[in-house]
Amino acid sequence: MPTKPFHLAWFLQGSSVQAWGETWTGHIGQTWMKPELFLNVARALERACFDYILLEDSSYVGESFAGSTEIYLRNGIAVPRQDPSVVAALMTQVTSRIGIVPTFGTYAYHPYLLSRLVATLDQVSGGRIGWNAVTGSSDFAAMNFGMPGMPEHDLRYDMADEYMEVCNGLWDSWEPGAVIADRKSGVLIDPTKVHAVNYNGKHYKTRGPLNSGPAPQGRPVIAQAGGSPRGRKFAAAHADTIVVHVKGIEAMRAYRDDVHEHMIACGRKPSDCKVLYLINPILGDTMQDAQERKKRRAAIAMERIEERLAHFGKVTNIDFGKFDLDKPLPDDVTTNGHQQNLEQYRLMAKGRSIRETMASFNAVDLSVELCGTPDAVAARMGEVMQEVGGDGFLFSMPNVNRRTLAEIEDGLVPALQDRGLMRTAYEHKHFRDNLLAY
Ligand SMILES: Cc1cc2nc3c(=O)[nH]c(=O)nc-3n(C[C@H](O)[C@H](O)[C@H](O)COP(=O)(O)O)c2cc1C
């Protein structure tokens, strides 16, 4: 079968201390406040021709383990976490082609403020901004914004549908060609091409037009990660790219097929949204070296089981600190948080204790196992994409540091390029055009 290039993106655990407690991180405990590592990441991934960098976000200090913030603070689990718009803006200034995708929660920003912020970022980046549109999931986050808790899971997506309508209205409030900038006539903006929005919805209201002016991409790229049935519908209706964590080729294919069906039902073309799957490739000089590294990563995952449960609890709102880890998770535990994560845990658990389940659950391998020399991993990534049908991978590495970046940029990516699986130069100026180029 002829090979086809696919898309690559990188998932950063927020504008936070990266990889605390890992080796090869220098003095990250002191240097995290300054953006040097983030700027290095952006430059390296642009040299490697990645499509985009996604900056995770949440706006609260975790408190979902043993009813306390302690484990989160001691171990730097998603804290300290800076506002992602600042690092995103800085990243755009040291790059010229790669897409930058900060996360903003619909619960935390009024849609007018969000549309303006994202349009401004699109302007200063020259048309390279995406927005990871999340609904949020934690009651602790909701309380930081004066709400008693998060609305119910599916209602959050209903509200987010309306939210998207408002944002799209605001981004469209400037017609193409509205900025004339004619020095002769002295006219900067054609008033007939800038329109009020007058949106009066059930959850949101706004007047418009957007005062930031037009975004170079018109509407910035929308990224989404809906995993539940309702979340998938939302993603299929709005996203230009979806990032997803499902296990194994069959589930990957089924997810993409499902999203495509929903897209068609919304009148969209499946090729207009790129589905990227989470991976954590383990590279080595030889297969044996890679396997040893993988064993070490699995051992670290077991040593850090409580931290991993604290992280899992943060996104599912389940306090695993309350349970006996040597017993199974009780059947009646449900979530108003990330439903898909809990569903995957249950699929894997099959009656095993929490500790036994966590030995494999997201310990090292994410969507598929990738372990070996750069060449072997590149070949496997090509096979996986052929079997799934597309569209690429999202790297989610626990050990974000310059060494890991060099292994990807100088090891794996050239091996992918040699196989024709990865672009060697960006095709276009704007992020969406690159994303949809193939
Ligand atoms: C790769 C990836 C990145 C995500 N990033 C964020 C994030 O930064 N902030 C957030 O609140 N949720 C984030 N989520 C959670 C999703 O928005 C979503 O809630 C989750 O995938 C579960 O789907 P569901 O809400 O449909 O149950 C992310 C999910 C995935 C798979």
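Just so you know, ligand 1 is whichever comes first in the structure, and atom 1 is the first atom listed for that ligand. As a basis for the values below, the full set of heavy atoms in this structure was taken, side chains included, without hydrogen atoms, waters or symmetry mates.
- Remark: ligand 1 and N341 share no N or O pair separated by less than 3.5 Å (distance only, no angle test).
- Using modelled atom types, one finds a donor on one side chain and an acceptor on the other under 3.5 Å when comparing H245 with K247.
- Nearest protein neighbour of atom 11 (O) of ligand 1, counting heavy atoms only, is V134 CG2, 3.6 Å.
- Side-chain atoms of Q217 never come within 3.5 Å of backbone atoms of D122 as a donor-acceptor pair (strictly under, hydrogens ignored).
- Residue contacts with ligand 1, taken as heavy atom pairs separated by less than 4.0 Å, involve N132 solely via side-chain atoms from C-beta onward.
- Listed by atom number, the atoms of ligand 1 under 4.0 Å from F11 heavy atoms are 3 (C).
- Listed by number with element, the atoms of ligand 1 under 4.0 Å from a non-hydrogen atom of Q340 are 27 (O).
- Evaluated by nearest non-hydrogen atom to atom 21 (O) of ligand 1, the leading choice among S396, P102, A225 is A225.
- Under the 4.0 Å criterion applied to side-chain N and carboxylate O atoms, R297 and E22 are assigned as salt-bridge partners.
- Residues R380 and E383 are paired through a salt bridge, judged by an N-O separation under 4.0 Å between the basic side chain and the carboxylate.
- The part of T103 lying near ligand 1 is the side chain, judged by heavy-atom distances below 4.0 Å.
- Judged by the shortest distance from any of its heavy atoms, H153 lies inside the 4.0 Å radius around the atoms of ligand 1.
- With salt bridges taken as basic N to acidic carboxylate O contacts below 4.0 Å, none links K233 and D161.
- Taking a cutoff of 4.0 Å between a charged side-chain nitrogen and a carboxylate oxygen, D154 and R230 do not qualify as a salt bridge.
- Looking at D51 and R423, a side-chain N of the basic residue comes within less than 4.0 Å of a carboxylate O on the acidic one, giving a salt bridge.
- Looking only at heavy atoms of the protein, atom 23 (O) of ligand 1 is closest to G227 N, 3.1 Å.
- A cation-pi arrangement, defined by a distance under 6.0 Å to the six-membered ring centre and an angle within 45 degrees of its axis, is absent between K274 and Y438.
- Comment: R293 engages E407 in a salt bridge, judged by a side-chain N to carboxylate O separation of less than 4.0 angstrom.
- Looking at L278 against ligand 1, only its side chain comes within 4.0 Å, counting heavy atoms.
- Rounding to the nearest 0.5 Å gives a distance of 14.5 Å between CZ of F323 and CZ of R355.
- Closest protein heavy atom to atom 2 (C) of ligand 1: V243 CG2, 3.9 Å.
- Protein heavy atom closest to atom 25 (O) of ligand 1, with residue, atom name and distance, is Y157 OH, 2.7 Å.
- Annotation: atom 26 (O) of ligand 1 to nearest protein heavy atom, S228 OG, 2.6 Å.
- Between F234 and ligand 1 there is no heavy-atom distance shorter than 4.0 Å.
- Of the protein's non-hydrogen atoms, the one nearest atom 9 (N) of ligand 1 is D57 O, 2.9 Å.
- Counting only heavy atoms of the protein, atom 22 (C) of ligand 1 lies nearest to H338 CB, 3.6 Å.
- Of all the heavy atoms of L394, the ones lying under 4.0 Å from any atom of ligand 1 belong exclusively to the side chain.
- Judged by distance alone, the side chain of H430 and the main-chain N or O of R432 form no donor-acceptor pair under 3.5 Å.
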